[in-house]
**Student:** 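Before I ask anything, here is the structure I am working with.
Residue numbers start from 1 in every chain, and the chains themselves are labelled A, B, ... in the order their sequence lines are given, proteins ahead of strands.
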Protein chains: 2
Amino acid sequence: MPITIKDIARQAGVSVATVSYVVNKTRWVSPELTERVLKAIEQQGYSPNAVARSLRQNRTKTIGLIVPDSSNPFFAEIAKGVEDAGFEAGYSVILCNSNASLDRELVYLDLLQSKRVEGIIFIAATTQVNQIRPIVNSGIPVVIFYRDIPGLEVDTFRIDNFKAGYLATRHLIELGHRNIACIQPASPETASGERVEGYKRALDEAGLTWKDQLMPRGDNRVSGGKAAAQQLVDSGLPFSAIFSANDAMAIGAMRTLRDLGYEIPQNVSIVGVDDIILASYTEPPLTTVTQPKYEAGCQAIEFLIDRIEGRSTQGPRNVELEIQLTTRGTSIPYTATSELRRISK
Amino acid sequence: MPITIKDIARQAGVSVATVSYVVNKTRWVSPELTERVLKAIEQQGYSPNAVARSLRQNRTKTIGLIVPDSSNPFFAEIAKGVEDAGFEAGYSVILCNSNASLDRELVYLDLLQSKRVEGIIFIAATTQVNQIRPIVNSGIPVVIFYRDIPGLEVDTFRIDNFKAGYLATRHLIELGHRNIACIQPASPETASGERVEGYKRALDEAGLTWKDQLMPRGDNRVSGGKAAAQQLVDSGLPFSAIFSANDAMAIGAMRTLRDLGYEIPQNVSIVGVDDIILASYTEPPLTTVTQPKYEAGCQAIEFLIDRIEGRSTQGPRNVELEIQLTTRGTSIPYTATSELRRISK
DNA sequence: CTGTTAGCGCTTTCAA
DNA sequence: TTGAAAGCGCTAACAG
């Protein structure tokens, strides 16, 4: 039996309306009454019931954030941006991990709608995002990350994955590498599949060819990178550099190669994509293609709030996040030792 | 103007009560009516308003999670556990980053209370956590991490920080190290201050002495570890091993030492505490004292729900999380080369 | 300048 | 087996 507005009104000897008005400073109230109200609030430790307010005003000041895995540093950065900028604007965020499960995405989408969040930031785990349609049609603003939903009026944030792959590969080519392997994502349908296309294009333009045996697939995690690197070595083909479709796999590959006696970058150069936090802390630090994460999170919720508060009513905006090559320690010019193989220890 | 229960009742030709009963399966309704209701729901795309329900039932099925920084992998792991176990139990979580600001903690505490969350998991940024008192007294269940609040009826989760420092240092002593430095947290009042006490005790027991010059302070971040390592080297005193009060500083120290020409672990062994994700990915991987994070998050929300649902009404439970030494690559036996200094590059 | 009151959408008692 | 209606706590007309 928590304290309600009535209790305060009673003690202060005013109407509930007056209490509401002083709490919200939403109309002029005489100093005397104001003081009596504030005193009563203070004394009783009154905390206005936001649930009731939300029902009445039809505003929850809450948004939902759906990510595949909030403990993945990449998404954690985005989430932090969302939370920070949301806080500034007076919005709370409900954190939802889909764990890359479509089912769970659906459950959460329903839940968020039911809780009447005023907007949703959706980082879908698969390209199959049509599930979002009913929500969008119901009129609640949505921002989608890294996915394209043709024919849907939503703001989207994404990077040019093709360009990312292209930039990374081009960098290796400019360093003089000719035999450049590629660690691909498990499924070409994933967003980072396009990164591989960028890789191919860069090779093409340089008059180089790509070979299936030098393009093993991984599961997008560190473990997948390890397995892929093993395949690469097992193929027996020469290579002096690797483009990995993401940092996690690049890091896995680094570990395996080192375990097999290769030195990085002396024997093989590696470039990733994403610039996850781990990338700065490998030894040597990983050269990668950076994209904004925290900032993207901030911007996403700002877009959302713009729509929520009716500040932006035009058609969908598609933001292309800026990417850039961050040269660190894993990529060096091709030299005679680049393809040297150490004896396995 | 979203669809309400009335709209469904009207179309189905039943009372709103009946709609409510079929939606919640909370009393028997004849198959005919049930079907009519479900059809109407389907057709109109009705989503029950959880806000109204919460107001009526006085239950929000929501908990608040306050962490210093959700993008810090350590807290991110805990948060993931909270979210996962919360989801299983049907609870949503509002994510709150205090950014280590007392002010922001207070704002969030107020906000959560206002939103009528049913429980709060609070990872305070400072030891100054009395701010939580009013909330606890208001009757809402709270779980506190890593802090002690004498005289307050809250469940707490913590690790034995003294033991962590002791275990780590003991390990180095057993490896034959005699000159063991310590990188301390900036403020001895922080929880990890006790870790330093454990360090001292281990030295004492081994008949070793500690010197202030070999105990520089850092700011608990990677950068602080770098500065501290520099101080250590500048002191000119010999040391063959370092105990760092946390992993972040240990990682910073590793980088600086390596930059100064030391090899790790050949010239100096390092042990940290926390086992943050980065610790597995340094080169070599960091020896550290591990504590459960994801599991602790799960358990914390389960405790909370036990109280919320009245399943546990006894006095406060104080959980001591199990810690253990995880030996990886940065700690090796003392040898003649352990104190060798490389020429700075 | 302040108070009265309807009503937000839902659950649940009570009555039929 | 179902429905009518009160009421959760608050806001915001409207009235005075």
Side-chain angles (χ1 to χ4, degrees), chain A residues 1-38 40-41 44-62 110-118 138 140, chain B residues 1-38 40-41 44-62 110-118 138 140:
Chain A
M1 18 150 264
I3 294 93
T4 76
I5 201 172
K6 270 191 197 162
D7 300 313
I8 303 302
R10 193 174 314 119
Q11 176 178 339
V14 300
S15 70
V16 295
T18 297
V19 176
S20 172
Y21 289 123
V22 345
V23 165
N24 301 301
K25 307 191 209 312
T26 180
R27 93 174 173 192
W28 204 94
V29 176
S30 68
E32 306 93 287
L33 294 199
T34 302
E35 198 188 345
R36 265 152 56 195
V37 169
L38 291 178
I41 289 177
Q44 307 204 29
Y46 169 64
S47 166
N49 186 328
V51 177
R53 178 185 314 189
S54 288
L55 177 60
R56 177 57 225 246
Q57 303 197 127
N58 204 22
R59 299 226 36 199
T60 55
K61 282 282 201 167
T62 302
D110 262 13
L111 187 79
L112 292 176
Q113 192 181 8
S114 206
K115 289 213 185 247
R116 298 294 189 265
V117 297
E118 299 186 52
S138 83
I140 141 166
Chain B
M1 19 142 265
I3 293 95
T4 76
I5 200 172
K6 269 192 200 161
D7 300 314
I8 304 303
R10 191 173 315 117
Q11 177 179 339
V14 299
S15 70
V16 293
T18 296
V19 176
S20 172
Y21 288 123
V22 344
V23 166
N24 301 300
K25 304 192 211 312
T26 179
R27 92 173 174 195
W28 202 94
V29 176
S30 67
E32 305 92 288
L33 294 198
T34 302
E35 198 187 346
R36 266 152 55 196
V37 169
L38 292 178
I41 289 177
Q44 307 203 29
Y46 170 63
S47 165
N49 186 327
V51 177
R53 178 185 312 187
S54 288
L55 178 61
R56 176 59 225 245
Q57 303 197 126
N58 205 22
R59 300 226 36 199
T60 54
K61 283 282 202 166
T62 302
D110 263 12
L111 187 78
L112 292 175
Q113 191 180 10
S114 205
K115 288 212 185 251
R116 297 295 189 264
V117 296
E118 299 187 52
S138 84
I140 142 167

**Student:** In whole Å, I'd like the distance from the CG atom of Asn58(A) to the C1' atom of dA12(D).
**Tutor:** 14 Å

**Student:** Provide, to the nearest angstrom, the distance between the CD1 atom belonging to Ile3(B) and the P atom belonging to dC10(C).
**Tutor:** 10 Å

**Student:** Applying a 4.0 Å non-hydrogen cut-off, can you work out what Val51(A) is touching in the nucleic acid: base, sugar-phosphate, or nothing?
**Tutor:** nothing

**Student:** Output the single nucleotide from dC1(C), dG3(D), dG9(D) whose closest atom is nearest the side chain of Thr18(B).
**Tutor:** dG3(D)

**Student:** To the nearest 0.5 Å, what is the distance between NZ (Lys115(B)) and OG (Ser54(B))?
**Tutor:** 11.5 Å

**Student:** Without decimals, in angstroms, what is the distance between Ile5(A) CD1 and dC10(D) C1'?
**Tutor:** 6 Å

**Student:** What is the distance, to the nearest angstrom, from the OH atom on Tyr21(A) to the C1' atom on dT5(C)?
**Tutor:** 11 Å

**Student:** Scan Ser20(B) against the nucleic acid and name what it touches under 4.0 Å (heavy atoms): base, sugar-phosphate only, or nothing.
**Tutor:** base

**Student:** Can you work out whether Ala17(B) or Val19(A) has the more 5'-proximal nearest nucleotide on DNA chain D?
**Tutor:** Ala17(B)

**Student:** Would you say a side-chain N or O of Ser15(B) is under 4.0 Å from OP1 or OP2 of dG3(D)?
**Tutor:** yes

**Student:** Looking only at heavy atoms, what is the nearest atom pair of Pro48(A) and Ser114(B), with distance?
**Tutor:** O-OG, 2.7 Å

**Student:** Separation of Leu55(B) atom CG from dG9(C) atom C1', in whole Å?
**Tutor:** 9 Å

**Student:** Could you state the CD-P distance from Gln57(B) to dA6(D), rounded to the nearest angstrom?
**Tutor:** 20 Å

**Student:** Please report the distance, rounded to the nearest Å, between CZ in Arg10(B) and C1' in dG9(C).
**Tutor:** 13 Å

**Student:** For dT1(D), take OP1 and OP2 only and decide whether either is under 4.0 Å from a side-chain N or O of Ser30(B).
**Tutor:** no

**Student:** Starting at the 5' end of DNA chain D, which residue's closest nucleotide do you reach first, Val16(A) or Arg27(A)?
**Tutor:** Val16(A)

**Student:** Side chain of Lys6(B) only, heavy atoms from C-beta on: which candidate in dG9(C), dG3(C), dC8(C) is closest?
**Tutor:** dC8(C)

**Student:** Can you name the nearest heavy-atom pair linking Leu55(A) to Ala52(B), along with the distance?
**Tutor:** CD1-CB, 3.7 Å

**Student:** Using the side-chain heavy atoms of Leu33(B), tell me which of these nucleotides is nearest: dC10(C), dC10(D), dT2(D).
**Tutor:** dT2(D)

**Student:** To the nearest Å, how far apart are Arg53(A) CZ and dC10(D) C1'?
**Tutor:** 8 Å

**Student:** Say whether, by atom type as modelled, one donor and one acceptor occur between the side chain of Glu118(A) and the main chain of Arg59(A) under 3.5 angstrom.
**Tutor:** no

**Student:** Which of these nucleotides, dG9(C), dC10(D), dT2(C), is closest to any side-chain atom of Asn49(A)?
**Tutor:** dC10(D)

**Student:** Under 6.0 Å from the CD atom of Glu35(A), do we count more than 12 heavy atoms belonging to anything else shown?
**Tutor:** no

